[in-house]
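These notes concern the structure reproduced below.
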Amino acid sequence: MHKIKMTTPLVEMQGDEMTRVLWDWIKELLIEPFVALKTDYYDLGLVNREQTSDKVTHEAADAIKRYGVGVKCATITPNAQRVEEYKLSQMWLSPNGTIRAALDGTVFRAPILVKGITPYIPTWKKPITIARHAYGDVYKNAELKVDGAAKAELTVTYPDGRVDKKTIADFAGAGIVQGIHNTDSSISSFARSCFNYALDTRQDVWFATKDTISKTYDHRFKDIFREIFEAEYAERFKEYGINYEYTLIDDSVARLIRSEGGFIWALKNYDGDVMSDMVATAYGSLAMMTSVLVSPDGNYEYEAAHGTVTRHYYKHLRGEETSTNPVATIFAWTGALRKRGELDMLPDLVDFAARLEEATTGVIEAGVMTKDLVGLFRSDVTPEGVNSRDFIKAIAERLG
């Protein structure tokens, strides 16, 4: 079979546990038979991150800057239990957080819509795209446990010796304290990424924070978004017939539930983390969600928006069949291949990405799916729950 040629490598970042197994099957059955795949490979599995003192994660981020497009498998962010399980020398940081900080990008997540899987929110007719700021806040925090009565202060010291200080709390007893930060430059990149993505996709932008309570921190986000929009984007938004608006996050949630979808919901880092899970679940499944990190200088990193599916992995190790949903990981590959094809002007590669997506959704619509989707499926077709590899084989047959 003639294989589609590539000219520039993708940055390939393999991950952990069951998604690592799915990754290999997707390449074996859905990509390598059709594409002469060129990748710059990095193993971001936790074992290799330990062996390289996490240097491999930073090398992968640099490679994305060099080549422009990466595709990433789900990875473990270790907690205390994982440190013991994997005999780690330390609790390594989230690879996603490291890469996002290096690229200074925004994460855009949107549901994968399939006929027969109806959102739990009946008014939602179109995808809701979550735009999640990918820097700072609780993900780069500093925190302390307070052992007893104490005063906690926020202190900023400038190079000229000037000091700004504010009391956080006067503790009468034990407690906890946390400090978070962000930067004007990163917030500005976030705003421009959202507005550029809106112009590319012809969608409205809603930005939501809690500036009535956080009158300095959240209000700074609100001000920067407004200033950049008015100075750089207002006329183009008007020309394209799309809108930008700011709302309080609680008001935004209420409006979101009553909406039909079809817009970009821009949120700070933690808000975006939580709300993307809510939106994905309301549309059907976390495994039916695309995720792409877009940097302000035009680099792209595609990934699945879910975890490494630990429970299924240990079943797999015991030789048991699993029915793990690979759709989000397949769409990470198609997103990266499509973008690589667009940047390198390879229409055959762009077309292949579209055909693979159509084959994937087509198999589900025909009634063949992993077991997590069976209970969600509403159609004249009787659904059949199959194991992961048989599902991928069904896609390959439809594609071929």
Side-chain angles (χ1 to χ4, degrees), residues 46 49-50 54 57 75-101 104 107 130 132-187 190 207-225 246-254 265-279 281 286 307-308 310:
L46 189 51
R49 278 182 275 148
E50 168 68 18
D54 206 32
T57 307
T75 47
I76 294 170
T77 298
N79 55 16
Q81 182 266 321
R82 295 293 202 169
V83 169
E84 183 177 341
E85 178 185 356
Y86 280 85
K87 305 295 187 290
L88 302 179
S89 58
Q90 62 177 276
M91 199 179 296
W92 300 109
L93 298 175
S94 159
N96 289 340
T98 298
I99 293 168
R100 289 166 189 164
D104 190 24
V107 178
I130 299 285
R132 173 187 170 189
H133 189 207
Y135 176 81
D137 301 345
V138 70
Y139 299 87
K140 287 185 74 69
N141 69 1
E143 53 190 15
L144 290 169
K145 185 177 184 298
V146 180
D147 294 330
K151 176 185 280 190
E153 295 180 312
L154 183 66
T155 303
V156 177
T157 304
Y158 294 90
D160 62 3
R162 181 166 53 97
V163 176
D164 283 346
K165 186 178 294 187
K166 189 169 187 177
T167 298
I168 299 171
D170 287 307
F171 285 91
I176 48 177
V177 65
Q178 179 185 80
I180 62 173
H181 81 282
N182 225 293
T183 67
D184 282 6
S185 62
S186 184
I187 300 167
F190 175 38
F207 177 52
T209 66
K210 193 68 173 176
D211 70 292
T212 52
I213 302 300
S214 179
K215 298 180 186 299
T216 299
Y217 197 102
D218 280 22
H219 210 292
R220 187 61 182 147
F221 278 80
K222 177 184 176 181
D223 288 345
I224 288 174
F225 262 73
Y246 172 82
T247 54
L248 285 170
I249 190 165
D250 38 350
D251 294 340
S252 185
V253 169
W265 194 20
L267 297 165
K268 288 166 52 191
N269 207 345
Y270 177 75
D271 296 339
D273 191 1
V274 174
M275 292 302 178
S276 63
D277 282 3
M278 183 274 289
V279 168
T281 303
L286 270 175
T308 58
T310 304

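Below, each value reflects all heavy atoms present in this structure, side chains not excepted, and no hydrogens, waters or symmetry copies. We're numbering straight along the sequence, starting at 1.
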Open item on the list: Between K215 and T212 (side chain of the first, backbone of the second, donor and acceptor by atom type, cut-off under 3.5 Å), is there such a pair?
Closed with: yes
TODO: Report yes if some heavy atom in the side chain of V274 is under 4.5 Å from a heavy atom in the side chain of L267; otherwise report no.
DONE: no
Task: Rounded distance (nearest 0.5 Å) linking atom CD of E85 with atom CD1 of I76 - done: 6.5 Å
Open item on the list: Can you tell me how far apart CG (L154) and OG1 (T167) are? Round to the nearest 0.5 Å.
Closed with: 9.5 Å
Task: Note: D218-K268 ion pair, threshold 4.0 Å (strictly below) - done: yes
Task: Partners passing salt bridge (charged side-chain N to carboxylate O under 4.0 Å, His left out) against D160 (at least two apart in sequence or in another chain) - done: none
TODO: Using a 4.5 Å cut-off on heavy atoms from C-beta on, say whether the side chain of W265 contacts that of S252.
DONE: yes
Task: Enclosure of I168 CD1 (heavy-atom neighbours >12, cutoff 6.0 Å) - done: yes
Task: Contact check, side chains of H133 and D271, non-hydrogen atoms, under 4.5 Å - done: no
Open item on the list: Would you say R82 and T310 are linked by a side-chain donor-acceptor pair, where the criterion is simply a distance under 3.5 Å?
Closed with: yes
TODO: Tell me, please, which residues at least two apart from F225 pass ring pair (Phe, Tyr, Trp, His ring centres under 6.0 Å).
DONE: F190, F195, F207
Open item on the list: If we ignore hydrogens and angles and just use 3.5 Å, is the side chain of S276 paired with the main-chain N or O of D273 as donor and acceptor?
Closed with: yes
Task: Closest approach of N269 to G136 (non-hydrogen atoms, all atoms of both residues) - done: ND2-O, 3.2 Å
Task: Set of salt bridge (charged side-chain N to carboxylate O under 4.0 Å, His left out) partners for D211, sequence neighbours left out - done: K222
Open item on the list: With heavy-atom distances below 4.5 Å as the criterion, would you say the side chains of S94 and R100 are in contact?
Closed with: no
TODO: Please name the pair of heavy atoms, one in D104 and one in S185, separated by the smallest distance, quoted to 0.1 Å.
DONE: OD2-O, 4.4 Å
Open item on the list: Run the ring pair (Phe, Tyr, Trp, His ring centres under 6.0 Å) test against H219 and tell me which residues pass, sequence neighbours left out.
Closed with: none
Task: D277 vs L286 side-chain heavy atoms within contact, under 4.5 Å - done: yes
- [ ] Look at atom CD of Q81 and say whether more than 12 heavy atoms of other residues, nucleotides or ligands are closer to it than 6.0 Å.
- [x] yes
- [ ] With rounding to the nearest 0.5 Å, note down the distance linking NZ in K140 to CG in N182.
- [x] 10.5 Å
- [ ] Could you tell me the separation between the NZ atom of K166 and the OG1 atom of T216, rounded to the nearest 0.5 Å?
- [x] 6.0 Å
Task: For the student: nearest non-hydrogen atoms of E50 and L88, plus distance - done: OE1-CA, 3.5 Å
Task: ring-ring contact (aromatic ring centres under 6.0 Å, His included) pairs, two or more places apart, involving residues 136-186 - done: Y135-H181
- [ ] Starting at OG1 of T209, measure out to CZ of R220 and round the result to the nearest 0.5 Å.
- [x] 13.0 Å
Task: From Y217 atom OH to D137 atom CG, the distance as rounded to the nearest 0.5 Å - done: 3.5 Å
- [ ] Mind jotting down which residue pairs meet the side chain to side chain donor-acceptor pair (under 3.5 Å) criterion with at least one end in residues 143-153? Sequence neighbours excluded, please.
- [x] N141-E143, E143-Q178
Task: Exercise: identify the closest heavy-atom pair between P95 and R49 - done: CG-NH1, 3.2 Å
